[in-house]
Amino acid sequence: MSLPSDNQLRADEIHASSLVIDGHADTAQRFVDEAWDFTGPLVSTHNSGGMLNLASARAGNLAAEFFAIWVDPEQFPPSRYSHRARALIDAVHEQVHRHPTQLALCTSPAEVLGAQASGRFAMLMGIEGGHAIENSLELLRAYHALGVRYMTLTWVNSNDWAESSTDLRSGSDSAPGGLTPFGVEVIAEMNRLGMMVDVSHASDRTFADVLRTTRAPVIASHSSARALTNSPRNLTDDQLCALAANDGVCMVNFYSVFIDENYRFAWAAQREERSAAHAALARDCAARHEPIPFHLSNKIDREFAARIPRPPLSSLIDHFDHIIRIAGIDHVGIGTDFDGISSLPKGIDSAAGLSMITASLLERGYSADDLRKILGLNLMRVFANAQAIANEEKHEP
């Protein structure tokens, strides 16, 4: 049996001694829809392809996770958005209630550090898709009181006050692009609460409006570089520079479609056949008067994804490299999108493989200090700054 190389030993040492935080995973749906426990195996009776559980987090030295509170606007009517969001939030709380010696609900950087010191996994939450607040600042405040610490302003759908990158509007008075006046109020209230503003999924116009409006640094919780993979879900070089000027952080998404142009084209070529399979599932669920469980729709996507060769790990590392070159080492982090995507690059199948990121970046010449920033410290800085600005506002006349 061959011994590990000096580089691998050094990478393992750096990774094991770092605070590793993932900015975005869709695992919370499994708690509700599959009655699945985070301390259980990745595989469940409903799902054979989980990407994140406590064991895989421990194996990958992942200390903290932001769980996405995502309401599928195609499966729930607007009047039930908050009901679904609260069910997901409650499910995260319930995981901590069941396993208080292993898990900790965290709402601040200090609490994340406290959880790490006590050997507990830090559970954090972020709303994905501003439609979940149902155009209500009161509901936004309620989510914050329940522990939510960031909000992705849009999902693939535009909402009444913010435009999505994949649901562009005409820009007319009846369908304004970017942020509406109420959207500006939402950003101001998030700043006041200390809730981080997340520009992943936002259109270019929304992104620009946010940067003109916010008083606090912002995040892109799960986006990569558009210069390398031309998806509207990724950030342009100009946006990366603006994010750096704002002292924000872009957390690299691991989804094959967002990190490899060849894979993106191959995935697009399947669209018609894949849509037909999803339509058949929708008809089956409609006949039973049930919403479509995400694990079933994701199963279809995984089956189609399996037909396409996974991109090399180097495609993912190229995005880290590019964002660092454009925005700087202080403005990049990890936003895997675990359990919300159908394909990962070769070498990473779950959170257990996160040390591959450290090893690959070390090979490209990054220092231990650089790597610790990427793995978690950059996000911790933005998290702390957002809360510090909120505290300052409390004392302003």
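In this chain, residues are counted from 1 in sequence order.
- Ring pair W267/Y263 is parallel by interplanar angle, where below 30° counts as parallel and above 60° as perpendicular.
- Salt-bridge annotation for K346 and D260: absent, with no side-chain N of the basic residue lying under 4.0 Å from a carboxylate O of the acidic one.
- Cation-pi contact between R307 and F304: present, with separation from the ring centre below 6.0 Å and deviation from the ring axis of at most 45°.
- I326 and I334 fall within a single hydrophobic cluster, where Ile, Leu, Val, Met, Phe, Trp and Tyr are joined by side-chain heavy atoms under 4.5 Å apart, directly or via other members.
- L137 and V71 fall into different hydrophobic clusters, defined by Ile, Leu, Val, Met, Phe, Trp and Tyr side-chain heavy atoms under 4.5 Å apart, directly or through other members.
- The pair E163-R205 counts as a salt bridge, with a side-chain nitrogen and a carboxylate oxygen less than 4.0 angstrom apart.
- Other residues, nucleotides and ligands contribute over 12 non-hydrogen atoms within 6.0 Å of the CZ atom of R98.
- Side chains of R10 and N7: no donor on one and acceptor on the other come within 3.5 Å.
- Side-chain N/O atoms of H144 and T107 include no donor and acceptor closer than 3.5 Å.
- Under 4.0 Å is where a charged nitrogen must lie from a carboxylate oxygen, and between D370 and K373 no such pair does.
- Listed by first then second residue, pairs satisfying side chain to side chain donor-acceptor pair (under 3.5 Å) with a partner in residues 60-79 number zero, not counting sequence neighbours.
- Comment: R288 engages D284 in a salt bridge, judged by a side-chain N to carboxylate O separation of less than 4.0 angstrom.
- Looking at S164 and N157, their side chains never bring a donor and an acceptor atom within 3.5 Å of each other.
- One finds a salt bridge joining R84 and D33 here, because a Lys/Arg side-chain nitrogen approaches an Asp/Glu carboxylate oxygen to under 4.0 Å.
- Shown here for S256 and P345, the closest heavy-atom pair between the two residues is OG-N, 4.0 Å.
- Between F31 and F38, the two ring planes are perpendicular [angle over 60°; tilted spans 30° to 60°].
- Residue E290 qualifies as enclosed at atom CD: its count of foreign heavy atoms under 6.0 Å is above 12.
- The existence of a salt bridge linking R226 and D204 is confirmed by a sub-4.0 Å separation between a basic side-chain nitrogen and an acidic carboxylate oxygen.
- Of the N and O atoms on the side chains of T206 and S203, at least one donor lies less than 3.5 Å from an acceptor on the other residue.
- Classification of R149 and E111 as a salt-bridged pair fails, no side-chain N sitting under 4.0 Å from a carboxylate O.
- Using a cutoff of 4.0 Å between basic side-chain nitrogens and carboxylate oxygens, D37 and R30 are not scored as salt-bridged.
- Under 3.5 Å, the side chains of S367 and D369 contain no donor-acceptor pair of N or O atoms.
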